[in-house]
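This one's a predicted model, so the numbers in the text were calculated from it and none came from an experiment. Sequence lines set the chain letters: A, B, ... in the order given, protein chains first and strands last, and positions in each chain run from 1.
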Protein chains: 2
Amino acid sequence: MVPNEKKGDTSTEEKIKNAARLVFHQKGYAGTRTRDIAEQAGINLALLNYYFRSKQKLFDLIMLETMQDFIQSMKTVFNDKNTSLQSKVEAVASRYIDLLIKEPEIPLFIMSELRANPEGLLQKMKFQEVLMKSTFIRQYRIEVVKGEIAPQNLLHFIINVIGLTVFPFVASPILRSLGDLTKEQFNALMVERKAFIPKWVYAMMKVS
Amino acid sequence: MVPNEKKGDTSTEEKIKNAARLVFHQKGYAGTRTRDIAEQAGINLALLNYYFRSKQKLFDLIMLETMQDFIQSMKTVFNDKNTSLQSKVEAVASRYIDLLIKEPEIPLFIMSELRANPEGLLQKMKFQEVLMKSTFIRQYRIEVVKGEIAPQNLLHFIINVIGLTVFPFVASPILRSLGDLTKEQFNALMVERKAFIPKWVYAMMKVS
DNA sequence: GTCTATATACGGATAGAC
DNA sequence: GTCTATCCGTATATAGAC
């Protein structure tokens, strides 16, 4: 029987990767047992080592892919020369919120694992280069010069856009408990924010 | 030799607790080895179990204390009937930023550990009651009625205040890498935010 | 109360049959 | 490629001497 490796996610290797992504995202590296992954994938524990050599190697792979997905999805938006700064903020908020409704554990996963591994991955991803040299940032600087935006530190702007978008997902257990919200009610609240965030950010950035 | 139990942190029990707090906050429950705690405390591993029975019991204690400290420090602010809403936002931002500069790992610690343990602690802490029945929230509602604030969902207001304050500390590895900042430069940026956040929040909340 | 030595359990990884 | 059985290091926890 030839395994259907091209059909997408049915190959054993893909099943393991998908299971690993799920479990690692939920429990982090230290909290995950290879046995959990094997069970989730519906395969035998030995196969995990057969395909990926070790827990660490499998984790590194998932971590890299996760961060790439998270960044790559924004590169296009940031560097579109045909859209205004404000519409870029709209696009970022909208896309991230859609993504995070599907995979809400990603930010906490990335940030938790990054505290252990300080500089390793961050430089490899050239995070700084991708964002800081983008059209997005150039447009921001232009608006500051034109007086449309108060001349605060650029990082405040970035923190605010990302924070308003991502933070509620990081803190969702607390927020859901505070408002006594179901998962659906919480998600609806996040969808509301898609329209608010660009307006909010612009209002903030007029403040000196 | 009588151990100086009253002198503060010199008793063995306190030494272990302080070490445990430090290590758990940095590495989380799963990532921490009891040996790390013993070493950090400068005591023998067996003493840890002598005083606290198990890793789990010690962790539960630290977790509870950490969350209480985090909430308790705000109860006073939230319920002060003699200060305006805006000055409460100022006080919250200012106090949290001071606290987080001293102990920046706390938010990530709480949120990471909360994703595992869903409802257990949150209800025990009566988070909802403390905040939702506070003077802070009553004043917010009054300003909405008076038309000073656009009638958005109350949770957006809370998410925004807390998010703008806490998020940068959660994401600090990424942000520091983005801006190529030393710890000191990062902290200075956070101090700047003390003054900005109340202004920003007010500007946002006028937006419909 | 504090130590050394040790029991016990658990998790990652491999050997080897099929 | 996939399984069962097992090895072996590591981590929590306890026993027992001092």
Side-chain angles (χ1 to χ4, degrees), chain A residues 1-64 109 112-113 115-117, chain B residues 1-64 109 112-113 115-117:
Chain A
M1 255 180 270
V2 179
N4 36 4
E5 288 164 19
K6 289 294 181 185
K7 258 196 184 168
D9 62 347
T10 359
S11 79
T12 301
E13 194 172 339
E14 277 301 316
K15 276 200 296 192
I16 297 174
K17 260 175 64 174
N18 289 334
R21 183 161 23 242
L22 195 75
V23 181
F24 278 137
H25 282 186
Q26 276 175 22
K27 306 193 186 183
Y29 179 78
T32 294
R33 296 173 310 156
T34 51
R35 286 170 162 81
D36 296 338
I37 297 175
E39 192 185 3
Q40 175 68 36
I43 53 99
N44 188 277
L45 174 58
L47 276 179
L48 190 149
N49 292 292
Y50 174 76
Y51 279 103
F52 298 96
R53 297 282 303 166
S54 76
K55 178 187 179 184
Q56 184 68 53
K57 289 229 174 25
L58 177 53
F59 176 81
D60 291 345
L61 189 68
I62 298 295
M63 183 73 181
L64 188 69
F109 168 76
S112 300
E113 300 301 332
R115 88 180 136 178
N117 173 358
Chain B
M1 257 181 267
V2 179
N4 37 2
E5 289 163 21
K6 290 294 181 186
K7 259 196 186 167
D9 61 347
T10 358
S11 79
T12 301
E13 193 171 339
E14 277 300 318
K15 275 199 297 191
I16 297 174
K17 261 175 63 174
N18 288 334
R21 182 161 26 242
L22 195 75
V23 181
F24 277 138
H25 282 186
Q26 277 177 21
K27 308 194 186 183
Y29 178 80
T32 294
R33 298 174 310 156
T34 50
R35 284 171 160 81
D36 297 337
I37 298 175
E39 193 186 1
Q40 174 69 35
I43 52 99
N44 189 276
L45 174 59
L47 277 179
L48 190 151
N49 291 292
Y50 173 77
Y51 279 103
F52 298 97
R53 298 281 303 166
S54 77
K55 178 188 180 184
Q56 184 68 55
K57 289 229 174 27
L58 176 54
F59 177 80
D60 290 346
L61 189 68
I62 298 296
M63 182 74 181
L64 188 69
F109 168 75
S112 301
E113 300 301 331
R115 86 180 137 177
N117 171 357

Give the rounded distance in Å between these two atoms: CG of B:Asn44 and P of C:dT6. 15 Å

Select from A:Tyr50 and B:Leu47 the residue whose nearest nucleotide in DNA chain C is closer to the 5' end of that strand. B:Leu47

Quick one: the side chain of A:Arg33 and the base of C:dG12, do they pair up donor-acceptor inside 3.5 Å? no

Could you give the CZ-to-P distance, from A:Arg53 to C:dA15, as a whole number of Å? 10 Å

Less than 4.0 angstrom between a side-chain N/O of B:Tyr51 and OP1 or OP2 of C:dT2, yes or no? yes

Proximal nucleotide (of C:dG12, C:dG1, D:dT4) relative to the A:Lys55 side chain: C:dG12

Given D:dC3, C:dG1, D:dA13, the nucleotide with the shortest approach to the side chain of B:Ser54: D:dA13

OP1 or OP2 of C:dG12 less than 4.0 angstrom from a side-chain nitrogen or oxygen of A:Thr34, does that happen here? yes

Length of the line joining A:Ile16:CD1 and D:dC3:C1', which is rounded to integer Å: 13 Å

Of C:dT2, C:dG11, D:dT2, the nucleotide closest to the side chain of A:Arg35 is C:dG11

Nearest-Å distance, CG (B:Asp36) to P (D:dA11)? 8 Å

To the nearest 0.5 Å, what is the distance between OG1 on B:Thr12 and CG on B:Leu48? 11.5 Å

Rounded to the Å, how far apart are B:Leu58 CG and D:dA11 C1'? 15 Å

Expressed as a whole number of angstroms, how long is the span from A:Gln56:CD to C:dG11:P? 18 Å

Output for pair (B:Leu58 CG, B:Ile16 CD1), nearest 0.5 Å, gives 8.0 Å

Considering only side-chain heavy atoms of B:Ala46, which listed nucleotide, D:dC3, D:dA13, D:dT14, is closest? D:dT14

Main chain of A:Tyr29, side chain of A:Lys55: is a donor-acceptor contact present, judged purely on distance under 3.5 Å? yes

Would you say the side-chain atoms of A:Glu13 pair up with the backbone N or O of A:Tyr51, donor to acceptor, closer than 3.5 Å? no

Within the structure shown, what part of the strands sits under 4.0 Å from A:Leu45 by heavy-atom distance: base, sugar-phosphate, or nothing? base

Drop me the distance from A:Leu61's CG to A:Arg53's CZ, to the nearest 0.5 angstrom. 15.0 Å

Does C:dG12 have its OP1 or OP2 closer than 4.0 Å to a side-chain nitrogen or oxygen of A:Asn49? no

